[in-house]
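Below: the structure, in structure tokens.
Values reported hereafter were calculated over all heavy atoms of this structure, with side chains retained and with hydrogens, waters and symmetry mates removed. A note on names: the letters A, B, ... follow the listed sequences, proteins ahead of strands, and every chain is numbered from 1.
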Amino acid sequence: MSCSAPAYITTPIYYVNDRPHIGHAYTTTLCDVWARAMRFDGRDVFFLTGTDEHGAKVEKSAKERGITPQALADENSAEFRKVLTTFGLTNNDFIRTTEPRHEEQVKLFVQRLIASGDIYLGEFEGWYDEGQEEYVTDTRAKELEFKSPISGKPLVRAKEHNYYFKLSGYQAKLEAFFAANPGFVRPAGRFNEVLGRMRDGLQDVPVTRTNFSWGIGMPGASEHVIYVWIDALFNYATALGLGDTRGALATERAKYWPPQYHVIGKEILWFHAVIWPALLMALELPTPKCVYAHSFWISNGQKMSKSLGNFIDLATIESYIAKYGLDAWRWYMITQGPLGATDADFSPKHFHEIYTANLVNTFANCASRTSAMIEKYFGGVMPDVDTAEVAISATEGAPTWSAFTHAACAKTLQQYADFELAEAADTALSIVRAVDASINETQPFKLAKDPAKMAEVARILAACAEGVRVAAVLLTPIMPAKCAEVLAAYGSSLDLQDARTNARWGGLKGGTRIAKCAPFMRVEAPTVVASA
RNA sequence: GCCGAUGUAGCUCAGCUGGUUUAGAGCGCUGGAUUCAUAACCCGGAGGUCGGUGGUUCGAGUCCACCCAUCGGCACCA
């Protein structure tokens, strides 16, 4: 059902100590497709991404390069922003944790949590590596046999004051919340992991550190720096101005809260699924509707790692885009990505097979054969025939074209809304398959040899052309440029805020000029390189 | 170590609460047919003891036990 309700979707903010790679591109592309699809269905969408710029690692990397942490952050944040442009991603804002608007609001949030008693000053004691100036967890200390992995010197017991968030106080509330919202964490397998860990009981978590300074100072105790993850989580709220409800930002954007989807990678699930809702409960703010934790891409069957040097980095991604096109890249991300609980393998061979099978042989070929026949038999002009009540097949019980595509449209949009993006792609493509099946069944190219049967040919091809058009409409959120190309060839335009009207049967009027089109061309298969 | 999964054709996976088949789909491979189309679309074929062993049952990929293998999570890692 179409509605204009505001909707909010976020990516994690990306850590500026990393270089952009397929993981970042994937998460952002998922959000982009959803955002485009929901806008297309008339919703008022706010799509947020950004960079996380504080923390000891950034401080350390900057020091090694002899520049300030801010300079390093500026440089790498710009790199992430460049990706958005390269990929044509449609985020509504890009937040940086070093921006004043963010820092100010985080302090306000933390002050509220201190006032409510949810953040308190406590003492932390643990195993400390004096050479590395860092604490190691108890389990890690045991693994290291209580010796520094670098210097070999014994770890020491050390204490320091830290501010803590009273997570333990939210055990019951979170359990009730999870029970009432079985779709809060997706996919379901991930939710089970969270519930399993909940059974071990929640402990309070430190929210500040004192062993580095690159971060937001604790209000009233600036020797304490707000720990990066709490700083980072708040970006979702500060981007909408929720820290200062009377501010200009909030006036304009508060309507988007709470988020419909926080799309994240599985490695940061705990923060988003447990700590984040608890923080929001403490602040008496509504909790997100869903945290979607996708899995990882692996590369040619192997985990991506620095030591293997097999990261699918920006340069690699750009080489695919150069060869296959941006929309083909998006298609592969969306239909083959690790949205489920298991990792997905990225390989040149697989990419090529998917491209050829789905885009060249199915979508493009159908658009091509249909437009070619209209060119050949009707001089490139859409026949003026009402095909709404024509059945898609002579098979008993086959639906009419208008009913079939109406159902496919509703299903596709529902799947987009539910973040079943690969399923949405398949449903939309099923219209193309139906057109192909119809051509094979009726064989208009044979009927056309008999002048007496041209009315029948007209009826068949008018339905095919309209089917191609509707499929292109529904695939637009995934492949905006290529679908626009097909629609243009089919003499159609698009209202990007009204998918349902655009997808309605009969949009392609008789007399419309239809040009031959071939949106995805066959490309040479990648050469297989034997791996060592 | 603890907790949780998964293991079905070359690959990715469907197979809900046990008995519709001689276990399915897509892709890949292969034979054929065809030309409207980008050697595409269409039809056919190969083929898997449903991880292993032992049970429960008239009957088990489908339930139970054990074993093997793989994977994920295990709090300050964005």
Going by the glycosidic torsion and a 90 degree boundary from 0, is the base of B:rG24 oriented syn or anti?
anti
Got a sec, which pairs hit side-chain hydrogen bond (donor to acceptor under 3.5 Å, both in side chains) with one end in residues 351-365 of chain A, sequence neighbours left out?
A:Lys349-A:Glu353, A:Asn361-A:Arg522
I need the NE2-P distance between A:His350 and B:rU12, as an integer number of Å.
9 Å
Protein-nucleotide distance (A:Tyr355, atom OH; B:rC27, atom C1'), rounded to Å:
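Distance check: A:Tyr355 OH to B:rC27 C1' gives 17 Å.
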Would you write out the dot-bracket form of RNA chain B, 5' to 3', with Watson-Crick and G-U pairs under 3.5 Å, [ ] for crossing pairs, | for pairs to other strands and . for unpaired bases?
(((((((..((((.....[....)))).((((.........)))).....(((((..]....))))))))))))....
Tell me, for nucleotides 35-44 of chain B in 5' to 3' order, what letter each nucleotide earns: B for a base near a protein heavy atom under 4.0 Å, S for only sugar-phosphate near one, - for neither?
-BBB-SBS--
Pairwise [atom1] distance for [N] and [M], with rounding to whole Å:
N	M	atom1	result
B:rU70	B:rG24	P	31 Å
B:rA60	B:rU17	C1'	14 Å
B:rA14	B:rU57	C1'	27 Å

Using the ring centroid of each side chain, check whether [X] and [Y] are separated by less than 6.0 Å.
X	Y	result
A:Phe234	A:His102	no
A:Phe346	A:Tyr332	yes
A:Tyr120	A:Tyr163	no

Does a donor on one side chain sit under 3.5 Å from an acceptor on the other, for [X] and [Y]?
X	Y	answer
A:Glu441	A:Ser393	yes
A:Thr427	A:Gln415	yes
A:Glu466	A:Thr387	no

If each of A:Tyr227 and A:Gly189 is mapped to the nucleotide of RNA chain B with the nearest heavy atom, which maps nearer the 5' terminus, i.e. the 5' end?
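Closest to the 5' end, via its nearest nucleotide, is A:Gly189.
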